[in-house]
Structure formats: C-alpha cells, structure tokens
Enquirer: 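Sharing a structure here in structure tokens format.
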Amino acid sequence: MKVISNPTVFSQEYVPERFIGREDYISRIVNIIKLSETSSTLIIRGNPGTGKTLLGKYLFRRLPEFRGFYVNCYVTSTDRGIVTQLLNEAAGKSSDYGNIPSETLFKTLLKRLPQRALIILDEAHSLKRTRTQVVYLLSRSTELGGPNLNLVLLTIEEPEMFLDSSTISGLGKYNRVTLQEYSREELFEIISDRARAGFYEGSYTTDALERISYLVEDSGSARTAIELLRNSALIAETEGSIMNEEVVLKAYRDFSPPLEDSSLANFEEEDLMLLAGLLDSLGAESTFKTVNIKKIKPDINESRLYKFINSLELSGFIGKRKLGKGYGGGVENEYFFKIPPAVLLSRIKTLAK
C-alpha cells in the first residue's frame, strides 16, 4: 500500500501555506521591519527545529516590497564568501572577483544593493569559526555610504556567544526574538498538516499522528516530528499497511532525531572532548546531572560548568527537568539527551576525524 503521495512535503526545502505556531512571531517581525526607517538588525534565536530557516523564507513571502538576500553561514562563513554571494545575487549572475581586494569588494556591494534590501544570514552562529566582520560592516551600511539595510540573523546561540564586543556595540539598538519550542498540540497540528499534503487519503490514522506528537514532545522540534512521520510512512509502505500507531512505535524504536552539523561544528575542541567523555561515561543512559560532568573533569569551575550545559541546551542536544531542592537550597536539575547518546558520540568521532 502506498502512503506517501508527495515526498517533497517532508523535505527541509518545503514551505507550507501556513506557518503553524509561528503566526504571532511573523506578524511581530514583519511590523518591526516595515516600521524601521533606518538600517536595522534583528536577531532571531531558537533551538534546532523551532522554525528559524522556515521563518526566513516566510519573511521573503510576507515582504515582497523588499529585495531579499539569503546566505547560509554554515556553508559560506568567510567575509569574502558572503560578500561575493550577495554581489552575485544583486547582479543576478555569477562573477569571479578573485583579483579584487576585499575592501573594494565590500564597497562595490554597498553600491549595488537596493535601498529596500532584506538580508538574512542563516546559521549565523557559524561566523565565530572565521572571526568575520561582515555583520559589523552590514549593520553600519549607511555610515559607510551604502543604503538602509534590514539585516536578520538566524541563530541557535545568543549573539554574545558568536559576535565580538565591537560588532555588538556597532549594532546599536537591535531587536531580539527568541522562538520557543513547539508544544505537543502544535507538533500534532504541524504533522497533521504535512500528512494531509503528503499522504494518500485513508493511508494513515489520527492515532498515529497523536502518538508521534507524544513521542517527540520533549524535543519541541518540528523537524524531529516530521522526520519520524516520514520514517513511519516508509515502514508502513514496506509492510503494505496503513500508517497506524503500531507502525509509529516500530519506527520510533530505531529512530535517530536529525542532527544539525553546524550545532557540533561550532563547539570548541575542549567542549567537544568533554561532551564525548560525558556520553561515553553514560553508556546507554540518556540522563545526567552536573555531578556526572564533575567526575569527568574534577577541576571544572561552576562558571565553566554551566556555560557548557547552556551550550548543550542552546544547541538542542539536551533538555532539563527540575528534581527538587539541592543541598545548598537551590533547585537540582536532571538533564536528558534529546538525541541518543550513541548517535551523538558517533557524530563527534566522525567530526574529529
């Protein structure tokens, strides 16, 4: 029995008609951009799977009066690479700027950008790998003789973690929006919408969709929910059955949530080693407390410890639950990996190679 009628519905490139669970964010961001009379910078932060990239695509759709430019900074992270891509998009053709000095190249970009430009830098946290100045330069476009620009940074990290102090200072007053993780109800609505658009009628049950939303509730990730939905449909097709709750549970047993390479690539080497040590010590367990980290690195101080945990949370690798009062009177937390430890450890080893 065929279940999937339109496989493109489950790809990351697909843009649905409705942006479920993000309508309020979109309206707020569109208003910020439309009301801005000068160059402005907007930083949109959210864990993996909270809809950052899709939000960027919706901005282009909702703001047709602006000329839109999009750069994935994980793919293109150098000043020269980003400026060259923007120049090519502005010109509508690819050119070789290999012999032009970087400073001249940027001045050329400022001359060619239109007055109403919306530049989206996706995976902006990847910029810390190359210590670029492109955000600083674009945010000061008018001071450097260029047009007013609306610059949007999409990131899993807070700006202070990947932009230097001079860049943040140069941004002046900027807007910051944090995308919350999806609720179970929102996840159910999202996968129901994808099922209607991508499955044959009568090839799946509502119970199956409800089970998926329960299973991925802790992740709060639409990407994880959609991937489990797709995997469940593929198993149903292999078995020649409809996609029901039983099939979903089979798919979940061997399911590994999608993992963004940029999330790991931006960890410092010391943090990657600490994370690998923690994962290795846990074995098949997926939960841990701060004491587990201290056993691996006894000399770690409290500031360094919580910065490490915060990085894991911002990357979407872990969640936390409050257990109650700690020995010092504070709240004791238990942390849990949203990605199977063995899968994450394998990716770290691959990255190290």
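We use all heavy atoms of the structure for the numbers below, so side chains are in, but hydrogens, waters and symmetry mates are not. The first residue in the sequence is number 1, and the count goes up from there.
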Enquirer: Looking at Glu268 and Lys307, is there a salt bridge between them, counting it only when a charged N and a carboxylate O are closer than 4.0 Å?
Expert: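 The answer is no: the pair does not qualify as a salt bridge.
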Enquirer: Would you say the ring centers of Phe10 and Phe199 fall short of 6.0 Å from each other?
Expert: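 Yes, the ring of Phe10 comes within the 6.0 Å limit of the ring of Phe199, centre to centre.
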Enquirer: Would you call Lys107 and Glu103 a salt bridge, taking side-chain N to carboxylate O under 4.0 Å as the test?
Expert: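 Salt bridge flag = yes for Glu103 with Lys107.
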Enquirer: Return the minimal non-hydrogen interatomic distance between Pro159 and Ile43, and the atom names on each side.
Expert: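 Looking at all heavy atoms of both residues, the closest pair is CB-CD1, 3.6 Å.
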Enquirer: Should we say atom CG of Asp24 is surrounded by more than 12 heavy atoms from elsewhere, each under 6.0 Å from it?
Expert: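 No.
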Enquirer: First locate atom CG of Leu344, then atom OG of Ser286, and finally report the distance between them rounded to the nearest 0.5 Å.
Expert: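 Between atom CG of Leu344 and atom OG of Ser286 there are 12.0 Å.
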Enquirer: Let's go through Ile156 and Lys52 carefully: what are the C-alpha distance in whole Å and the side-chain angles of both, what is the deciding distance for side chain to side chain contact (heavy atoms under 4.5 Å, CB included) to 0.1 Å, and is it a yes or a no?
Expert: CA-CA 9 Å; Ile156 64 174; Lys52 298 182 297 300; 3.7 Å; yes
Enquirer: Sort out for me which residue in Asn72, Thr53, Thr155 forms a side chain to side chain donor-acceptor pair (under 3.5 Å) with Asp122.
Expert: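 So, applying the side chain to side chain donor-acceptor pair (under 3.5 Å) to Asp122 and each of Asn72, Thr53, Thr155, only Thr53 qualifies.
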Enquirer: Main chain of Cys73, side chain of Thr76: is a donor-acceptor contact present, judged purely on distance under 3.5 Å?
Expert: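 The answer is no, because no donor-acceptor pair under 3.5 Å joins these two groups.
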Enquirer: Could you walk me through whether Lys34 and Glu65 pass side chain to side chain contact (heavy atoms under 4.5 Å, CB included), step by step?
Expert: CA-CA 10 Å; Lys34 282 187 172 182; Glu65 66 270 32; 3.2 Å; yes
Enquirer: If only atom types and distance count, is the side chain of Asn150 paired as donor or acceptor with the main-chain N or O of Ser40 below 3.5 Å?
Expert: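 No, Asn150 side chain to Ser40 backbone: no donor-acceptor pair under 3.5 Å.
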Enquirer: Identify the residue among Leu275, Leu282, Asp280, Ile339 that makes a side chain to side chain contact (heavy atoms under 4.5 Å, CB included) with Leu345.
Expert: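 It is Asp280; the other options fail the test.
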Enquirer: For Glu237, does its backbone N or O pair with a side-chain atom of Glu239 as donor and acceptor, under 3.5 Å?
Expert: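 Not a single qualifying donor-acceptor pair exists.
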Enquirer: Any donor-acceptor pair under 3.5 Å linking the side chain of Asn88 with the backbone of Ser95?
Expert: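 Pair found, side chain donor or acceptor close to backbone of Ser95.
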Enquirer: Do Leu249 and Ile235 belong together in a cluster built from hydrophobic side chains that touch within less than 4.5 Å?
Expert: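 Yes; tracing contacts between hydrophobic side chains, which count when under 4.5 Å, links both residues.
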Enquirer: Tell me, yes or no, whether the heavy-atom count around Glu334 atom CD, taken from other residues, nucleotides or ligands under 6.0 Å, exceeds 12.
Expert: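 Yes, CD of Glu334 has more than 12 neighbouring heavy atoms, counting only those of other groups under 6.0 Å.
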Enquirer: First locate atom OH of Tyr182, then atom CD1 of Ile191, and finally report the distance between them rounded to the nearest 0.5 Å.
Expert: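 Here the interatomic distance stands at 13.0 Å.
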Enquirer: Take a 6.0 Å sphere around OH of Tyr214 and say whether it holds more than 12 heavy atoms from other residues, nucleotides or ligands.
Expert: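 Count not over threshold, so no.
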Enquirer: Under 3.5 Å, is there a donor-acceptor pair between the side chain of Ser5 and the main chain of Gly198?
Expert: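 Flag set: sc Ser5 to bb Gly198 pair under 3.5 Å.
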Enquirer: Between CZ of Arg223 and OG of Ser221, what distance do you get to the nearest 0.5 Å?
Expert: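 Answer rounded to 0.5 Å: 6.5 Å.
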Enquirer: Linking I/L/V/M/F/W/Y whenever any side-chain heavy atoms sit under 4.5 Å apart, do Leu279 and Leu305 land together?
Expert: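 Yes, same cluster.
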Enquirer: Counting C-beta onward and ignoring hydrogens, is there a side-chain heavy-atom pair between Leu113 and Phe69 closer than 4.5 Å?
Expert: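 A side-chain contact exists here, since the closest heavy-atom pair is under 4.5 Å.
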Enquirer: Taking the side chain as C-beta and beyond, is there a heavy-atom pair between Val83 and Leu137 under 4.5 Å?
Expert: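 Result no, sub-4.5 Å side-chain heavy-atom pair not found.
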Enquirer: Indicate yes or no: does Lys297 engage Asp299 in a salt bridge with an N to O separation below 4.0 Å.
Expert: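 Answer for the salt bridge query: yes.
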Enquirer: Using a strict threshold of under 4.0 Å (side-chain N to carboxylate O), is an ion pair present between Glu160 and Arg176?
Expert: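 The answer is yes: the pair qualifies as a salt bridge.
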Enquirer: How about Leu54 and Arg22: do any of their side-chain heavy atoms sit closer than 4.5 Å?
Expert: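 Side-chain contact under 4.5 Å: no.
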Enquirer: So, the side chain of Asp207 versus the backbone of Glu245: is there a donor-acceptor pair under 3.5 Å, distance only?
Expert: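 Checked: no pair found.
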Enquirer: Between Lys57 and Glu13 (salt bridge meaning N to carboxylate O under 4.0 Å), is one present in this structure?
Expert: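 Yes, charged N to carboxylate O under 4.0 Å.
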Enquirer: Between Asn292 and Lys289, is there a donor-acceptor pair closer than 3.5 Å when you use the side chain of the first and the backbone of the second?
Expert: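 Present.
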Enquirer: Test side chain to side chain contact (heavy atoms under 4.5 Å, CB included) on Ser281 and Ile296; report intermediate values, then the result.
Expert: CA-CA 8 Å; Ser281 70; Ile296 299 167; 3.7 Å; yes
Enquirer: Minimum heavy-atom separation for Arg45 and Glu157, please, with both atom names.
Expert: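 Result for this residue pair: CG-O, 3.4 Å.
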Enquirer: Would you please test Glu246 and Lys250 for side chain to side chain contact (heavy atoms under 4.5 Å, CB included) and show each step?
Expert: CA-CA 6 Å; Glu246 183 180 350; Lys250 286 182 182 178; 4.0 Å; yes
Enquirer: With side chains defined as the heavy atoms from C-beta onward, is the minimum distance between Thr290 and Asn333 less than 4.5 Å?
Expert: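 Side-chain contact under 4.5 Å: no.
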Enquirer: With heavy-atom distances below 4.5 Å as the criterion, would you say the side chains of Ile242 and Met1 are in contact?
Expert: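 Result yes, sub-4.5 Å side-chain heavy-atom pair found.
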Enquirer: How long is the span from the CD atom in Gln133 to the CD1 atom in Ile82, to the nearest 0.5 Å?
Expert: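 That separation rounds to 11.5 Å.
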Enquirer: Any side-chain heavy atom of Phe255 sitting closer than 4.5 Å to one from Thr224?
Expert: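 A side-chain contact exists here, since the closest heavy-atom pair is under 4.5 Å.
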Enquirer: Can Arg61 be said to sit on top of Tyr58's aromatic six-ring, NZ or CZ under 6.0 Å from centre and within 45° of the ring axis?
Expert: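 Flagged: Arg61 positioned over aromatic ring of Tyr58.
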Enquirer: Check whether any side-chain N or O of Tyr335 sits under 3.5 Å from a backbone N or O of Glu313 as a donor-acceptor pair, and report yes or no.
Expert: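 No, the answer is negative, given that no donor and acceptor are paired below the 3.5 Å cut-off.
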Enquirer: How far does CG of Leu209 sit from CZ of Phe188, to the nearest 0.5 angstrom?
Expert: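 One gets 5.5 Å once the value is rounded to the nearest 0.5 Å.
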Enquirer: With a 4.5 Å cut-off on side-chain heavy-atom distances among I, L, V, M, F, W and Y, is there a chain of contacts connecting Leu149 to Ile29?
Expert: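 Different hydrophobic clusters.
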Enquirer: Go through the side-chain N and O atoms of Thr167 and Asp164 and say whether any donor and acceptor fall under 3.5 Å apart.
Expert: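 Their side chains do contain a donor-acceptor pair, which is all the 3.5 Å distance test asks for.
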Enquirer: Classify the side-chain pair Ser213/Arg184 by whether it contains a donor and acceptor separated by less than 3.5 Å.
Expert: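 On atom types as modelled, these side chains do not qualify, holding no pair under 3.5 Å.
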Enquirer: Between Ala124 and Leu153, which heavy-atom pair has the shortest distance, and what is it?
Expert: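 Looks like CB-CB, 4.0 Å.
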Enquirer: Are Leu228 and Val3 connected in the hydrophobic side-chain network, where two residues link if heavy atoms are under 4.5 Å apart?
Expert: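 In one cluster: yes.
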Enquirer: Are the side chains of Phe337 and Leu278 in touch, meaning some heavy atoms are under 4.5 Å apart?
Expert: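 Yes - at least one pair of side-chain heavy atoms lies under 4.5 Å apart.
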Enquirer: Measuring from Tyr252:OH to Ser232:OG, what's the distance to the nearest 0.5 Å?
Expert: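 Nearest 0.5 Å value for the OH-OG distance: 11.5 Å.
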Enquirer: Hey, are Glu302 and Lys294 close enough for a salt bridge, meaning a charged N less than 4.0 Å from a carboxylate O?
Expert: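 Lys294 and Glu302: salt-bridged.
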Enquirer: Work out which heavy atom in Ser141 is nearest to a heavy atom in Leu110; give both atom names and the distance.
Expert: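 For Ser141 and Leu110, the tightest heavy-atom pair comes out as OG-CD2, 3.7 Å.
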Enquirer: For Leu151 versus Ser139, what's the shortest heavy-atom pair and its separation?
Expert: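 Scanning both residues, the minimum pair turns out to be CD2-N, 4.3 Å.
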Enquirer: Can you name the nearest heavy-atom pair linking Asn148 to Thr142, along with the distance?
Expert: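 Heavy atoms of Asn148 and Thr142 come nearest at OD1-CG2, 2.7 Å.
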Enquirer: Under 4.5 Å between side-chain heavy atoms, counting indirect links through other Ile/Leu/Val/Met/Phe/Trp/Tyr residues: same cluster for Ile212 and Ile4 or not?
Expert: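 Looking at the clustering, Ile4 is in the same group as Ile212.
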Enquirer: Arg321 side chain to Phe336 main-chain N or O, any donor-acceptor pair under 3.5 Å?
Expert: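 Such a contact is absent between Arg321 side chain and Phe336 backbone.
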Enquirer: Do the side chain of Asn31 and the main chain of Ser27 share a donor and acceptor less than 3.5 angstrom apart?
Expert: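 Yes; judged by distance alone, with no hydrogens or angles, the pair exists.
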Enquirer: Do Phe106 and Leu144 make a side-chain contact, defined as non-hydrogen atoms from C-beta onward lying under 4.5 Å apart?
Expert: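 They are in contact (side-chain heavy atoms under 4.5 Å apart), so the answer is yes.
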